[in-house]
Every structure is written in structure tokens, then in C-alpha cells.
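These notes are about the structure you will find just below.
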Protein chains: 2
Amino acid sequence: MENVEKVTNCLQCKFQSNIFRFLSEEELSYVNDMRFEVSFKSGENIFKQGGPLTHIVCITSGMAKVFLEADDHSDIILRLMKPTELIGGPGFRTDNRHHFSAAAIVDTVACFIEVSVFEKLLNDNTRFALEMIAYLNRAHIGLYNKLLTNTHKHMSGRMAGTLLYLSEEVYESNVFETALSRQDLADMSSMTKESAIRVLKEFKDEGILNCYSSHFDIANKEALRKIYKIG
Amino acid sequence: MENVEKVTNCLQCKFQSNIFRFLSEEELSYVNDMRFEVSFKSGENIFKQGGPLTHIVCITSGMAKVFLEADDHSDIILRLMKPTELIGGPGFRTDNRHHFSAAAIVDTVACFIEVSVFEKLLNDNTRFALEMIAYLNRAHIGLYNKLLTNTHKHMSGRMAGTLLYLSEEVYESNVFETALSRQDLADMSSMTKESAIRVLKEFKDEGILNCYSSHFDIANKEALRKIYKIG
DNA sequence: TCTTTTGATTGATATATGTCATCGGAACAT
DNA sequence: ATGTTCCGATGACATATATCAATCAAAAGA
């Protein structure tokens, strides 16, 4: 029972619902025996796009950004990972490589589980496999949204989307301190750092947002939502 | 054995490898009994974004475009579906809705299989479920590419990507006739119809491409590849 | 303390891309 | 034959966004 709590604590994937809830106690205990932890300092890579996908990673404490690296060295930040969130990757069961990079944005502890452990669980437990399919499909829906937003909305709409994401899904508050730089905010919104700063200033001037350095305070969320919706 | 051929013929998913190869003969025959065909005229919707996801669809003959519909009524064409390709959708095992639309671009026959049939197969056959996960992951990799291309490349790079996709993955030839309109090409490349026409003209002027109305002939594929790569 | 570096900010300017209006031709219906 | 509609094509123009250069402020070393 101790094992169960320990693992569900570590592994439960809040973001996309807990895909571990269908594991038996033995299975959870098995995962727990096989996992190990690694510490990362802020800014360090947890794994690297193009590198071998040997382990599935679960954030235990801290926060990480997951991002695509383009040929021209610009990045697209796909999402932020909080404790208990799981980072798999589409290389699983395909080419066994990472298709995005992950980096700690504050000091972070992550727990590593061998890919083979996952494969065993999926083989043994059908319900778990179905849950994994659902998990992947939810990720897919998120990507469709990102594609629509980043290709069909203007800068203010994209930045509004980023701020709403941070406030609602990451920090769960209208007021938050963030370790993200302006460049990070730009990489989340598909624009240059300068444009990000200018859009934030616009929001400030319109009284929608208060922000200085790392402090953010969304003053008018409805306005932000409208900007996001209209584009 | 007849059944097997019939179904693999209908169902094999060439695009993302055949996920049906791990079904037993009984399972294939079960699928075959449960499927039924529907004909669509060119331009007709096969299913609609937002609508209920009750069946998985497999193109038997003809061709269809799969596309996201934005709030402002503009579209993003995700990919084209040829015979024997499968259209599922991320609504499967999540919200049971379609997250994209599909429409025939020529007269098309599609075969429908109830979602519950799929769920039964996934439940009974672990290997099939693992293959489904691999299939989803490959689709995921494709989306990352689309995201990188459509947000970080210029128009000529995006159109080059579209032409390479058509030539290599859809028509499998440097010369092809297509039912796609200029608007469709634009929707595949995240730009306006006018811009698409202008970029095609550029390619023409540079001797990279010959095209008039629905006829396309890629004269210099290497140049196109380079344009795609550089952006 | 002083220097050095890094990140945030701003302004001027260039460029890519969208918008709008127009026109011609082909397909199609009357 | 004649209008009508739709699609492709083109030019003029507007505007969104990136680029470049220059400060400024704060943090980090030395």
C-alpha cells in the first residue's frame, strides 16, 4: 500500500487524467522498483530532441518546458510540465528517438522509467493500453488547437492563449510568478521576443494585464479570452 | 482466407503501416461482417468536425481531404486520404466527437466500421493495441512537422512542402493531375489563395515547376527540397 | 566596488503576407 | 445564345510582423 501511494504520487498524470489508475498493486509496485530519480538545475536539458528514447520521464518536483527545436535554432514550446506529469514521446514504439527536447526551467527532480517497463505494462494490462490510447488522443486534440492558433491567429490572440494557458493550466491563478523569460513566452506564442514584449505592453496599456519582470497579474480575463477567441 | 484478403484489401493502412496485420482470421472476418460501404460525390462531406464519432472510416476508392475548420471559416488541410487508408480521430476513447472534417475531393467510396468493433479488437488483442499506439505516435510526429513548417517557414518553404507531399506521398510521381483547387493548396500551406498562386508562379518563373490548371510537373525536385529545408 | 554579462525594452525600418478590387475564361444552367 | 457562377490570375495597397540597432537595468563575477 505504501508502494501504491508512492507511485501514484510520482506517476499520476494530472494533466491528461491518471493513466495509472488501472494498474494493479503488483504492477504499481513493479513500476516503483524500476524507477529512479535524477536532479536537474534550472536550464539543464532533461532529454534532447533526436536523442534515444530509452526512458519515460515523470516530473517529481520543479517544472520543465517541452519544446521542438527547428533547423534555424528557434524553438516552439509545446507545453510546461508540472510535478506528477508524464513525458513520453511519439518515439515510443516507432523510432525510439525523442521528437522534442525537455529542459528544466527551475531546479527540477524527475523520475525515469525504462521504456521496456511500459511495454510490459501495456502488454499485460489491456485497460492500461486503452487508457494510453485515450491519453495520446487527448494530446492530439491539443496539437490541433496549437496548429489552429499558431497559424490562423494574430500575435495578440496567440499571446492571449499563452497567458490563459499559464493562468489556467499551469499556475492555476490569475496572479503568478514565472521562471519563463520573455523569449520563452515568445516561443510559446510563435513570435519573436520583441513582438512578445510589444504585445504584453499593449495588454498593459489596455489594462488587461499587469506585469513586471517575472510577476504577472491578469486583470481582465474576459477581455483576454475574447482576444484569444477573435484572433 | 477470402475474407482476410477482402478486409486487408479494404483496411490495410498503407500510410502508417498496416495496423491490421496482427489480427487473427476470425477477427478480420468479424470486422468484415461489421463493415458497410457508402458512396460520396466529389465535394461532399464524409464526416464533420464537431459531429459524433460513431464509426471509423476507411477509404475504398477515390480521395478525401482531412481538414480542421477554424472559427473564421478558414480551413487547414491536414492530409489527403487514399484508398485503404484509415481515418480514426482523436475523439476515439475521449469525447467521441470528430475533431476534424473529411470531404471527398473526387467521387469516393468509404467503408464504415463501428467504433465498438474497434474497441472490442483493442480489448481482445494486445498486439493490435500496441500497434494502434505506434500508429498514433507516427501521426503525432507528422503533426510536429506540420507545426514547425507552418509556423516557422516562409510561404515558399510551406508550398514546397505541400508539393513534395503531393508528389511523394500522394501521387507518387513528379507529374500528376490533381482534383485540388488553388484554395486547397493554400489550405494545405497555411496561406491565402492569392499567395498560393503567386508562389506557384514564382516556382514557374524559376523553372522549378510547370503547372497549368490541374496539371503539375515538378521539374527540379532538388531545388524544391532545398527551398523546403531552408524555409 | 567595478566590470561584465544577460535579459528587457524601445524605436526605426524592412519585408512578408493579407486584403481588396478587377478581369478573363471555363463550366453550367436557363 | 446568353447570362451566371466559380475559379484562376494579377495589380495596388494595407498591415502585421520580423529585423536591426541602441539603451537600460539588473544580476553575476572579479
Side-chain angles (χ1 to χ4, degrees), chain A residues 41-43 65 70 72-77 103 105-106 149-163 177-205 209-216 227-228 230-231, chain B residues 41-43 65 70 72-77 103 105-107 149-163 177-205 209-216 227 230-231:
Chain A
K41 286 198 280 286
S42 175
K65 63 178 176 184
D72 63 348
H73 303 292
S74 62
D75 296 335
I76 299 177
I77 295 181
I105 60 169
V106 295
T149 298
N150 285 0
T151 62
H152 277 56
K153 286 188 200 293
H154 286 176
M155 289 199 300
S156 51
R158 304 202 300 267
M159 181 57 77
T162 296
L163 292 171
E177 298 282 330
T178 181
L180 295 165
S181 66
R182 298 294 190 263
Q183 181 66 60
D184 287 328
L185 292 176
D187 290 343
M188 293 176 79
S189 315
S190 295
M191 63 184 71
T192 61
K193 182 188 50 173
E194 291 92 331
S195 289
I197 289 167
R198 274 185 262 263
V199 174
L200 288 175
K201 187 176 155 66
E202 255 179 57
F203 288 169
K204 245 186 202 167
D205 292 346
L209 173 77
N210 297 311
C211 69
Y212 47 94
S213 67
S214 65
H215 182 83
F216 284 75
I227 291 170
Y228 173 66
I230 295 174
Chain B
K41 285 198 280 284
S42 176
K65 62 178 176 183
D72 63 347
H73 303 294
S74 62
D75 295 336
I76 299 178
I77 296 181
I105 60 170
V106 296
D107 291 354
T149 298
N150 286 359
T151 62
H152 277 56
K153 286 187 199 296
H154 286 175
M155 291 198 300
S156 51
R158 305 201 302 265
M159 181 57 78
T162 295
L163 292 171
E177 297 283 328
T178 181
L180 294 166
S181 67
R182 297 297 189 261
Q183 180 66 59
D184 286 329
L185 293 176
D187 290 343
M188 294 177 79
S189 316
S190 295
M191 64 185 71
T192 60
K193 181 188 51 174
E194 291 91 333
S195 289
I197 289 167
R198 274 185 263 265
V199 174
L200 288 175
K201 187 177 154 66
E202 255 179 58
F203 288 169
K204 245 186 201 166
D205 291 346
L209 173 79
N210 297 311
C211 70
Y212 47 92
S213 68
S214 65
H215 182 82
F216 285 75
I227 290 171
I230 293 175

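Proteins come first, then strands; the chains are lettered A, B, ... in the order of their sequence lines, and each starts at number 1. Just so it is clear, the model here is predicted, and its values are computed rather than measured. Any value given below was found using the heavy atoms of this structure, including those in side chains, with hydrogens, waters and symmetry copies removed.
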If I take atom [atom1] in residue [X] and atom [atom2] in nucleotide [N], what distance separates them, rounded to the nearest angstrom?
| X | N | atom1 | atom2 | result |
| --- | --- | --- | --- | --- |
| B:Arg182 | C:dG25 | CZ | C1' | 14 Å |
| A:Leu200 | C:dA8 | CG | C1' | 11 Å |
| B:Met155 | D:dA16 | CE | P | 17 Å |
| A:Tyr212 | D:dC24 | OH | C1' | 20 Å |
| B:Glu202 | D:dT10 | CD | P | 12 Å |
| B:Met159 | C:dA16 | CE | P | 17 Å |
| B:Lys153 | C:dA16 | NZ | P | 16 Å |
| A:Ile197 | C:dG7 | CD1 | C1' | 8 Å |

(request) Determine the minimum heavy-atom distance between A:Met159 and A:Ala196, stating which atoms define it. (result)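 Distance-wise, the nearest heavy atoms are CE-CB, 3.6 Å.
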(request) State whether the distance check finds a donor on one side and an acceptor on the other, under 3.5 Å, for side chain B:Arg198 versus base D:dG11. (result)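 Per atom types, the contact qualifies.
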(request) Using only heavy-atom distances, determine whether the side chains of A:Thr162 and A:Ser189 contain a donor-acceptor pair under 3.5 Å. (result)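 Checked: A:Thr162/A:Ser189 side chains pair up, N/O donor to acceptor below 3.5 Å.
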(message) Checking contacts here: which listed nucleotide (D:dT10, C:dT9, D:dA18) is nearest the side-chain heavy atoms of B:Glu194?
(response)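 Selected nucleotide (nearest to the side chain): D:dT10.
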(request) Return the nearest nucleotide to the side chain of A:Lys201; candidates are D:dA9, C:dT10, C:dA8. (result)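 Minimum distance to the A:Lys201 side chain belongs to C:dT10.
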(message) Applying the side chain to side chain contact (heavy atoms under 4.5 Å, CB included) criterion to A:Ile197, which one of A:Glu194, A:Lys193, A:Lys201 satisfies it?
(response)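 When A:Glu194, A:Lys193, A:Lys201 are each tested with A:Ile197, the side chain to side chain contact (heavy atoms under 4.5 Å, CB included) holds only for A:Lys193.
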(request) Supply the atom-to-atom distance A:Asn150 CG to B:Asn150 CG, rounded to the nearest 0.5 angstrom. (result)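 Those atoms lie 10.0 Å apart.
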(request) Please state whether the phosphate of D:dC7, meaning OP1 or OP2, lies under 4.0 angstrom from any side-chain nitrogen or oxygen of B:Ser181. (result)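 B:Ser181 to D:dC7 OP1/OP2: no side-chain N or O under 4.0 Å.
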(message) OP1 or OP2 of D:dA18 versus the side-chain N and O atoms of A:Ser195: is any pair under 4.0 Å?
(response)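 Looking at the OP1 and OP2 atoms of D:dA18, one of them is under 4.0 Å from a side-chain N or O of A:Ser195.
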